[in-house]
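Remarks on the structure that follows.
These numbers come from the heavy atoms of this one structure, side chains and all, not from hydrogens, waters or symmetry mates. Below, read A as the first sequence line, B as the second, and so on, with proteins coming before strands; counting in each chain starts at 1.
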Amino acid sequence: MHLQPLGPPPTTLDEAAAQQEKLSSLVVASGSGPSDLRTVAGIDVAQREGTDDVVAAVVVLDGRTLRPVETRTATGRADHPYEPGFLALRELPAVTAALEALDTVPDLIVCDGAGVAHPRRFGLACHVGLLTDLPTIGVAKTPPVPFDMPKPARGSWTPQVDGDEEVGRALRTQHGVQPVFVSVGHRIGLEAACDHVLRLARHRLPETTRRADRLARDAALRV
DNA sequence: GCGACAG
DNA sequence: ATCTTGTCGC
């Protein structure tokens, strides 16, 4: 699929931070998202042991049946070690390559990690949102921002506040199961983002990220 | 100075 | 991210 030009990829942490701060003003963190969810994409990245290679996987699901309709993987080099706040530095090159190879233009993309719940309000999901100019959501397995535990019922949530802004939510996707941490990537509001995550979640994590995780993981073994 | 910190 | 046994629940 066609991607937006976002300038040269940063090399250092300082360059990456500057890029995040610059691009964060372009994020649209509101709206109801796609009215008709015909297809949803999930993205995840796995590491190849013993190497500095990462493998990105994109899985497109039918929005109604949640059955996969297209699948793509790509590998990239991870020069720097992981630095909190700079996940994109390691993962985005491979993710970009996988998205370029994608034929389907999905109505929504669910990313593994943070959106605006990020030190500079520009997590990986925001980056992917501007890159594709599509609605994106970030779903993290561990909290990027402090939170109070929501009630055990599926669908209950608590706000994740940074300063005076609600940057994300701790959302219970199954009764009594650890919440996931939802934040807006681009072109959708937090309320709609949580609705979608809940609808995609048959287990703790949405089907999009479960599928992408599995695909990335075994592609990392074969490729 | 030390620990925390999406994956 | 990744390393792993047992355990609880549908």
request  = For DNA chain C, write out the stems as range with range, using runs of 3 or more consecutive Watson-Crick or G-U pairs with both distances under 3.5 Å.
outcome  = none
inquiry  = Could you check whether atom CZ of A:R154 has more than 12 heavy atoms from other residues, nucleotides or ligands sitting under 6.0 Å from it?
reply    = yes
message = Tell me whether A:R199 is salt-bridged to A:E207, with the criterion being a basic N under 4.0 Å from an acidic carboxylate O.
response = no
request  = Compute whether any side-chain donor of one residue and acceptor of the other, for A:H203 and A:R210, lie under 3.5 angstrom apart.
outcome  = yes
A:I137, A:D213, A:L108, A:L61 screened by side-chain contact (heavy atoms from CB on, under 4.5 Å) with A:T208, the one that passes = A:L61
request  = Would you classify A:R217 as touching base, sugar-phosphate or nothing, given that sugar-phosphate means primed atoms plus P, OP1 and OP2, and contacts are heavy atoms under 4.0 Å?
outcome  = sugar-phosphate
key: Check: A:T136 and A:R187 side chains under 4.5 Å, non-hydrogen atoms   = no
key: Rounded interatomic separation in angstrom, taking CG from A:D53 and P from C:dT2   = 13 Å
query = Of the options A:R217, A:K141, A:R211, which is the one that meets A:D112 in a salt bridge (Lys or Arg N to Asp or Glu O under 4.0 Å)?
reply = A:K141
key: Backbone N/O of A:T104 and side chain of A:E70: donor-acceptor pair under 3.5 Å   = yes
Can you check nucleotides 5-7 of chain B for protein contacts, nitrogen or oxygen pairs under 3.5 Å, and list what you find?
from	atom 1	to	atom 2	distance (Å)
B:dA6	N7	A:G85	N	2.9
B:dA6	N6	A:G85	O	2.9
B:dA6	N6	A:F86	N	3.3
B:dA6	N6	A:L87	N	3.2
B:dA6	N6	A:H118	NE2	3.2
B:dA6	N1	A:L124	N	3.1
B:dA6	N3	A:A114	N	2.9
B:dG7	OP1	A:K141	N	2.7
B:dG7	OP2	A:T142	OG1	2.5
B:dG7	O3'	A:D112	OD2	3.1

Test item: side-chain donor near acceptor, A:Q47 and A:R90, under 3.5 Å = yes
task = To the nearest Å, give me how far apart CG (A:D213) and P (C:dA1) are.
result = 6 Å
